[in-house]
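Just below is one structure, and these are the notes that go with it.
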Amino acid sequence: MANSAAGSLAKDYNTKIIEEFRANQGRVGGPWSGTPMIIIHHIGARSGIERTTPLACSPQGQGRYAIVASNGGSPTHPDWYYNLKANPSIKAEVGAQTFTVLAEELDGAARAGLWPKLVAEAPSLGEFQARATRQIPVFMLTRQN
């Protein structure tokens, strides 16, 4: 029951962020004020159901956006991680635009080269990695159209 209640609270929280994002051309306030945001439309790996999730992102130029599957430093990946691995071609919203992106998990040198920049932009990522028992995945979303 507690997991169901927690899931419901997270869904309500995300719904409010998505509404604010769409009403303000991609900008949100509160703890997310000034943070670049993206909404990903991912397809459930098992369910096939489309879901929308607001995330902080790091614009990389040339239609590329880095996102981090930190899950707040949890020992498990967020559900959307598995969805992107199963269905990497997704829709994304940035500002007032919606477009198709291809999600690619970075590993090795690509992740190692970008990670310090991501932590500099969002120091909490370093804290999350320090307490996580897993390497926190990084995805590069590349605009396709």
Evaluation steps, side-chain contact (heavy atoms from CB on, under 4.5 Å), between D107 and E105: CA-CA 7 Å; D107 55 16; E105 184 176 0; 5.7 Å; no
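- A 4.5 Å side-chain heavy-atom check between M37 and I17 finds at least one atom pair inside the cut-off.
- You'll find the side chain of N14 stays beyond 4.5 Å of the side chain of K16, heavy atoms only.
- Linking ILVMFWY residues whenever their side-chain heavy atoms come closer than 4.5 Å, directly or via other members, places Y82 and I67 in the same cluster.
- With rounding to the nearest 0.5 Å, the separation of CG in L114 from CE in M140 is 5.0 Å.
- When all heavy atoms are compared, the tightest approach of T133 to P75 is OG1-CB, 3.8 Å.
- Between the side chains of R134 and Q129, no donor-acceptor pair of N or O atoms lies under 3.5 Å.
- With sequence neighbours left out, the ring-ring contact (aromatic ring centres under 6.0 Å, His included) criterion links Y81 to H77, F139.
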From CA spacing to verdict: salt bridge (Lys or Arg N to Asp or Glu O under 4.0 Å), R27, E20: CA-CA 7 Å; R27 290 184 304 278; E20 186 176 356; over 6 Å; no
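- Note that CG of L55 and CG of L141 are 8.5 Å apart. Values are rounded to the nearest 0.5 Å.
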F21/E93 under side-chain contact (heavy atoms from CB on, under 4.5 Å): CA gap, chis, key distance, verdict: CA-CA 9 Å; F21 179 103; E93 296 177 50; 3.9 Å; yes
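- Linking ILVMFWY residues whenever their side-chain heavy atoms come closer than 4.5 Å, directly or via other members, leaves I43 and L84 in distinct clusters.
- Side-chain contact between V68 and F128 is absent, with no heavy-atom pair separated by less than 4.5 Å.
- For CZ of R131, the number of neighbouring non-hydrogen atoms (other residues, nucleotides, ligands) closer than 6.0 Å is greater than 12.
- T35 approaches A56 most closely through the heavy-atom pair CG2-CB, 3.7 Å.
- From I136, atom CD1 reaches atom CG of N71 across 9.0 Å, with rounding to the nearest 0.5 Å.
- A donor-acceptor contact under 3.5 angstrom links the side chains of K91 and T100, judged on distance only.
- Two residues are said to be in side-chain contact when any heavy atoms from C-beta on lie closer than 4.5 Å; R51 and I49 meet this criterion.
- In this structure the side chain of E50 never reaches within 4.5 angstrom of the side chain of H42, judged on heavy atoms.
- The shortest distance between side-chain heavy atoms of T142 and Y65 does not fall below 4.5 Å.
- From I90, atom CD1 reaches atom CG of L102 across 9.0 Å, with rounding to the nearest 0.5 Å.
- Across all their heavy atoms, A132 and S74 have their closest contact at CB-O, 4.2 Å.
- No hydrogens or angles considered: a donor-acceptor pair under 3.5 Å links the side chains of Q60 and S58.
- The side-chain heavy atoms of Q97 and R143, taken from C-beta on, include a pair separated by under 4.5 Å.
- Between N83 atom CG and W80 atom CH2 the span is 10.0 Å, to the nearest 0.5 Å.
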Working for side-chain contact (heavy atoms from CB on, under 4.5 Å), residues V101 and F99: CA-CA 7 Å; V101 295; F99 45 84; 3.6 Å; yes
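- The CD1 atom of I40 sits 5.0 Å away from atom OG1 of T53, with the distance rounded to the nearest 0.5 Å.
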